[in-house]
K.L.:
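Questions regarding the structure given below will be posed in turn.
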Amino acid sequence: MKTTAMFDQLPIDRDAAAVRRRVEALEHLLERTFTLPGINRQFGLDFLIGLVPVVGDAAAALMGTWLVWEARNLGMSKFQIARMMGNVGFDALIGLVPLVGDAADFFFRSNTRNLRIIRRHLDKHHPGTVTIAA
């Protein structure tokens with residue numbers, strides 16, 4: 001039973017504020033971690049991982065699907081979940097096309113779109129989680 005005790009200590013809160021922090025952190029990692037000098041355009045791991053053919057796009061899609069999983073656990077509507085999966089699916093499918101997919105990862109930002117959907121839900125149903133950006 002050591003394995004169970006180890007997992008009991010993981011700090012994975014299910015309250016809305018903790019979910020907001022996790023999804024915002026993942027979106028930042030996937031979409032806005034680095035800045036391209038000269039044009040000041042931000043990009044993240046989604047773009048970098050997407051440069052690796054097939055495997056990179058699959059890994060990026062799995063990480064994007066985690067945002068959808070968090071949304072599902074929040075009790076978001078089936079329409080919202082389907083819209084979010086559509087964003088991830090479009091990003092994954094277009095990512096399979098060489099060069100075009102890389103450009104799409106740079107400009108489409110499915111994770112940012114999905115975070116926007118989650119934030120709207122949280123702002124409406126869990127207003128105590130709203131943070132004011134400085």
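Predicted, not measured: the structure shown is a model, and the values here were computed from it.
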K.L.:
Do Phe108 and Ile39 belong together in a cluster built from hydrophobic side chains that touch within less than 4.5 Å?
P.N.:
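No, separate clusters.
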K.L.:
Measuring from atom CG of Leu67 to atom CZ of Arg113, what distance do you get when rounded to the nearest 0.5 angstrom?
P.N.:
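If we round to the nearest 0.5 Å, Leu67:CG and Arg113:CZ are 14.0 Å apart.
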K.L.:
In the single-linkage hydrophobic clustering (I, L, V, M, F, W, Y; side-chain heavy atoms under 4.5 Å), do Phe107 and Leu30 co-cluster?
P.N.:
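Yes, it is one cluster - the side chains of Phe107 and Leu30 are joined through contacts under 4.5 Å.
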K.L.:
How long is the span from the CD atom in Gln80 to the CG atom in Leu74, to the nearest 0.5 Å?
P.N.:
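Reported to 0.5 Å precision, the distance equals 10.0 Å.
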K.L.:
Side-chain contact, heavy-atom cut-off 4.5 Å: Phe34 with Arg41?
P.N.:
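No. Closest side-chain heavy atoms not under 4.5 Å.
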K.L.:
For Arg83 and Asn114, indicate whether the former's side chain and the latter's backbone hold a donor-acceptor pair under 3.5 Å.
P.N.:
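No, the answer is negative, given that no donor and acceptor are paired below the 3.5 Å cut-off.
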K.L.:
Check whether any side-chain heavy atom of Ile117 lies under 4.5 Å from a side-chain heavy atom of Asn87, and answer yes or no.
P.N.:
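Yes - at least one pair of side-chain heavy atoms lies under 4.5 Å apart.
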K.L.:
Say you draw a straight line from CG of Leu122 to NZ of Lys124; how long is it, rounded to the nearest 0.5 Å?
P.N.:
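NZ of Lys124 is found 12.5 Å from CG of Leu122.
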K.L.:
With a 4.5 Å cut-off on side-chain heavy-atom distances among I, L, V, M, F, W and Y, is there a chain of contacts connecting Met84 to Met63?
P.N.:
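In one cluster with Met84: Met63, yes.
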K.L.:
Does Arg119 form a salt bridge (charged side-chain N to carboxylate O under 4.0 Å, His left out) with Glu24? I'd like the steps, not just the answer.
P.N.:
CA-CA 9 Å; Arg119 278 183 175 161; Glu24 285 178 348; 3.1 Å; yes
K.L.:
Look up atom CG in Asp105 and atom CG in Leu51, then write down how far apart they are to the nearest 0.5 Å.
P.N.:
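That separation rounds to 8.0 Å.
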K.L.:
What's the separation between atom CG in Asp102 and atom CD1 in Ile94, rounded to the nearest 0.5 Å?
P.N.:
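If we round to the nearest 0.5 Å, Asp102:CG and Ile94:CD1 are 11.0 Å apart.
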K.L.:
Decide whether Ser110 and Asp91 meet the rule of one side-chain donor and one side-chain acceptor closer than 3.5 Å.
P.N.:
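Note: Ser110 and Asp91 side chains meet the donor-acceptor criterion.
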K.L.:
Quick one: does Glu31's side chain have a donor or acceptor within less than 3.5 Å of a partner on Asn111's backbone?
P.N.:
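Answer holds: yes.
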K.L.:
What distance do Leu36 atom CG and Phe106 atom CZ have between them, rounded to the nearest 0.5 Å?
P.N.:
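Atom-to-atom, Leu36:CG and Phe106:CZ are 5.0 Å apart.
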K.L.:
Identify whether NZ of Lys or CZ of Arg in Arg32 sits under 6.0 Å from the centre of the six-membered ring of Phe43 and within 45° of that ring's axis.
P.N.:
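No, Arg32 does not sit over the ring of Phe43.
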K.L.:
With the threshold set at 4.0 Å, does a side-chain nitrogen-carboxylate oxygen contact exist between Asp123 and Arg20?
P.N.:
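Between Arg20 and Asp123 there is a salt bridge, with a charged N closer than 4.0 Å to a carboxylate O.
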